[in-house]
K.L.:
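Below is the structure I would like to discuss, written out as structure tokens.
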Amino acid sequence: MTNEANSEGNKEKESKNFIEQIIDEHLKNGRFNKVHTRFPPEPNGYLHIGHAKSICLNFGLAEKYNGKCNLRFDDTNPSKEETEYVESIKEDVKWLGFQWDGEYYASDYFQQLYDWALQLIKDGKAYVCECSQETISQNRTTPTREGIACEHRNRSAEENLDLFQRMKAGEFPDGSMVLRAKIDLNSPNMHMRDPIMYRIMRAHHHRTGDDWLIYPMYDYAHGESDSIEGITHSVCTLEFEVHRPLYEWFVQNLNIHAPQQIEFARLNINYTVMSKRKLLQLVNEKHVSGWDDPRMPTISGLRRRGYTPESIHLFADKVGIAKRENVIDMGLLEFCVREDLNKKADRRMAVLDPVKLIITNYPEGQTEMIEAVNNHEDESKGKRMIPFSRELYIERGDFMEEPSKKYHRMYPGNEVRFRYAYFITCTGCKKNEEGEIIEIYGEYDPASKGGNSPDGRKIKGTIHWVSAEHAYPFETRLYDRLFSVENPDDAEEGKTFLDYLNPESLTTIIAYGEPSLKDTEAGYSCQFERMGYFIKDKDSSGEKSIFNRTTGLRDSWAKEQNK
RNA sequence: UGUCCUGUGGUGUAACUGGCAACAUGUCUGAUUCUGGUUCAGAAGAGUCUAGGUUCGACCCCUAGCAGGACAACCA
């Protein structure tokens, strides 16, 4: 290594994303003297990879600036939220490796929020409106036209106070009235045209039970919750950009701590969908086995698929943070798992599409144990023994009766290395009446034991194998992208994203693995040499194993063939 | 339609706040290799949406367009 390379390496001034630049500025100009972020999921579904980006951002910011990050459940809509989701969210955040500083719920603040609403009413900045949903919407008109004030807008503070308290007390039916902020009916920003702060809803809340009959809306609750927790930087996605003036209006008019809301572009990945609504639909309509189906972009799905927290961190790191719309290639996610798994996954041999190979010059009935390295990237992983015998299974694709150009696996007359074992020269094959190859024959060179070249002769191909007699059969689930088009969201006329589901997103086969695969537990992740990364699924039980394919290996041979 | 946001290689993100565009991924070559994996070496690929302007000099600033996105829920 040259000195130049060294000094280059030390220089690496990592560039900051725009949010960090804003924070630097705030720290410099004294607006804030610390960093306190929060991750605010609504417990109405499972977390997905898009949330992971946000989690890594928020918790990452706190780490970088030596600050704090809260986990806050935005549970202001009891009709959609459930405890099951709260638990899964906590599990996912922890699995990603983050520990929140405070665990909060917007519902913890219902009383404070209510009191502040009373204050706004007294200040003449909020009023109870009895208009119907349609009327309110109509009166707001369109952005280009002025809004229309309804007869409730100029009620006295006393009357509003009385009405609002009676709303809370349950004197009025659901939906009969709302509390509205009195801001600006002519604002070009529709969110400022007297937004709704509270609605009457007789729904059982997962935490406050039946204590409340009125519930605050997002816009009223979110900024205030941030404020209560002393959040400095309230990071959210782009669609809330238009809400920022409203966010600021509330903290300003309540005269409470004002966090800075900053918006960034949400994550999009091709060949999948990211909206909670659509993910929920996939689950409800049983297009997938559940929220944690390995094809789902959910964190629990990725986990079951074999993704590691590290691979997701790497991914979040690589996609970056910015404000422009983006679509990340699924290939990047796959690159990230391989990058991580290559270093730590055990190597094992398993044949996914088996065909029998008989070594005609190998003694019948003999079995010998072959030593194999667990991971060439990490010698500390040690070695293991694998049985070898006269009859083996090899991959159907590793034999060609009439080889194509550049093919250097088994074909009549060609010598191939059987990984860790011997050099075997193919001598022919047998076919059934349909012309399918049912057996392949070969002769081994006893001097090449261990797979080493006895005389230094070059062998182009190395293939994996499994002793037929000792093979351990197990179910293998080969996963592919869930959708067959890049962007299932933009469905053509008369179709929905469901019409683009990939019928081959899951293929179940029986694979034959080396015996060591039997003594593994669910969650055991390894590389089947030359085939890809696999993880033992939780559906496994006792002797029965199920392995999910996390992702295949890079395959430049397949690319070559597609030319 | 109105307001706001965004516009840099195929994709994603940078560019020390004005000094002729970097990194990653992807693609293609080649080398190494007991995984057609990994690793290594190299190449191609944008002249920064367009048109003006300011400036010695602009991806960064200004003006006008164009394109894409967000919003017009008693969802978040």
Side-chain angles (χ1 to χ4, degrees), chain A residues 12-17 21 40-42 44 74-77 79-81 106 129 131-133 136-137 140-145 174-180 187-193 195-201 214-215 217-219 221-222 236-245 263 265 267 270 276-277 317-329 331-332 334-336 338-339 342-343 347 349 372-373 376-377 406-409 417-421 423 448 450-453 459-464 527-532 552-561:
Chain A
E12 65 162 284
K13 45 170 184 214
E14 90 228 37
S15 60
K16 298 196 170 184
N17 64 48
Q21 289 173 12
E42 181 188 11
N44 68 342
D74 218 337
D75 56 353
T76 56
N77 184 359
S79 66
K80 290 186 177 176
E81 296 147 7
C129 177
C131 293
S132 68
Q133 219 168 128
I136 290 178
S137 171
R140 277 207 261 249
T141 70
T142 62
T144 41
R145 286 186 295 167
D174 285 14
S176 59
M177 46 181 78
V178 293
L179 181 70
R180 290 226 255 167
S187 172
N189 181 342
M190 299 300 277
H191 293 282
M192 301 298 272
R193 317 257 274 212
I196 289 163
M197 294 167 61
Y198 272 94
R199 72 278 217 192
I200 304 173
M201 193 191 314
I214 55 173
Y215 291 95
M217 301 288 293
Y218 168 85
D219 284 306
H222 200 90
C236 60
T237 44
L238 248 32
E239 65 268 30
F240 292 103
E241 205 153 24
V242 225
H243 295 241
R244 193 178 346 123
E263 312 84 15
L267 172 71
N270 55 17
K276 274 196 202 173
R277 202 206 95 228
D317 209 56
K318 289 202 178 296
V319 300
I321 302 294
K323 290 191 79 161
R324 70 182 91 112
E325 297 288 334
N326 59 82
V327 181
I328 275 68
D329 197 303
L332 186 63
E334 288 168 0
F335 164 82
C336 292
R338 290 195 196 106
E339 178 84 353
N342 176 51
K343 292 178 297 191
R347 266 54 173 181
M349 291 205 283
V373 175
H376 281 99
E377 310 291 322
K406 293 191 191 172
Y407 186 81
H408 45 249
R409 302 178 190 171
R417 172 186 291 112
F418 276 48
R419 183 139 236 224
Y420 303 122
F423 289 178
S448 63
N452 301 307
S453 189
I459 299 296
K460 272 204 198 134
T462 297
I463 67 173
H464 59 102
Q527 180 196 109
F528 290 166
E529 295 215 40
R530 307 208 302 139
M531 304 311 291
L553 260 26
R554 263 188 77 214
D555 191 347
S556 48
W557 170 240
K559 245 180 272 175
E560 178 72 31
Q561 285 175 301

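Within every chain, numbering begins at 1; the chains are lettered A, B, ... in the order of the sequence lines, protein sequences first and strands thereafter.
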K.L.:
Looking at A:R140, I'd like to know whether one of its side-chain N or O atoms comes within less than 4.0 Å of OP1 or OP2 on B:rC74.
P.N.:
yes

K.L.:
Do the rings of A:H243 and A:Y218 sit parallel, tilted or perpendicular, given the 30° and 60° boundaries?
P.N.:
perpendicular

K.L.:
Measure distances between side-chain N and O atoms of A:E241 and base N and O atoms of B:rG69, and say whether any donor-acceptor pair falls under 3.5 Å.
P.N.:
no

K.L.:
Could you tell me how far apart A:N77 (CG) and B:rA73 (P) are, to the nearest whole angstrom?
P.N.:
16 Å

K.L.:
Does a nitrogen or oxygen in the side chain of A:S137 sit under 4.0 Å from OP1 or OP2 of B:rA73?
P.N.:
yes

K.L.:
Rounded to the nearest Å, what distance is computed from the CD atom of residue A:Q527 to the C1' atom of nucleotide B:rU38?
P.N.:
9 Å

K.L.:
Would you classify A:V178 as touching base, sugar-phosphate or nothing, given that sugar-phosphate means primed atoms plus P, OP1 and OP2, and contacts are heavy atoms under 4.0 Å?
P.N.:
base

K.L.:
Think A:R199 has a side-chain N or O under 4.0 angstrom from the OP1 or OP2 of B:rA73?
P.N.:
no

K.L.:
Check whether the aromatic ring of A:W557 stacks on the base of B:rG36, taking stacking as ring centres less than 5.5 Å apart and planes within 30° of each other.
P.N.:
yes

K.L.:
So, does A:S15 get its side chain near the phosphate of B:rC23, meaning an N or O under 4.0 Å from OP1 or OP2?
P.N.:
no

K.L.:
Would one find a side-chain N or O of A:Q133 under 4.0 angstrom from OP1 or OP2 of B:rA72?
P.N.:
no

K.L.:
Rounded to whole angstrom units, what separation is found between the CD atom of A:E263 and the C1' atom of B:rA76?
P.N.:
15 Å

K.L.:
Quick check, does A:H408 stack with B:rG36? I mean ring centres under 5.5 Å and planes off by under 30°.
P.N.:
yes

K.L.:
Does the side chain of A:R530 get closer than 4.0 angstrom to OP1 or OP2 of B:rG36 through an N or O atom?
P.N.:
yes

K.L.:
Is there a Watson-Crick or G-U wobble partner for B:rC4 with both distances under 3.5 Å, and if so, which one is it?
P.N.:
B:rG69

K.L.:
Nearest whole angstrom, please: distance from the P of B:rG68 to the CZ of A:R324.
P.N.:
18 Å

K.L.:
Can you tell me if A:K559 touches the phosphate of B:rU27, counting only side-chain N or O atoms and a distance under 4.0 Å to OP1 or OP2?
P.N.:
yes

K.L.:
What is the distance, to the nearest angstrom, from the CD1 atom on A:I196 to the P atom on B:rC75?
P.N.:
8 Å

K.L.:
Taking only the side-chain nitrogens and oxygens of A:T76, find out if one of them lies under 4.0 Å from OP1 or OP2 of B:rA76.
P.N.:
yes

K.L.:
Between the side-chain atoms of A:H191 and the base atoms of B:rA70, is any donor-acceptor pair under 3.5 Å?
P.N.:
no

K.L.:
Measure CZ/A:R554 against P/B:rU33 and give the value in whole Å, please.
P.N.:
18 Å

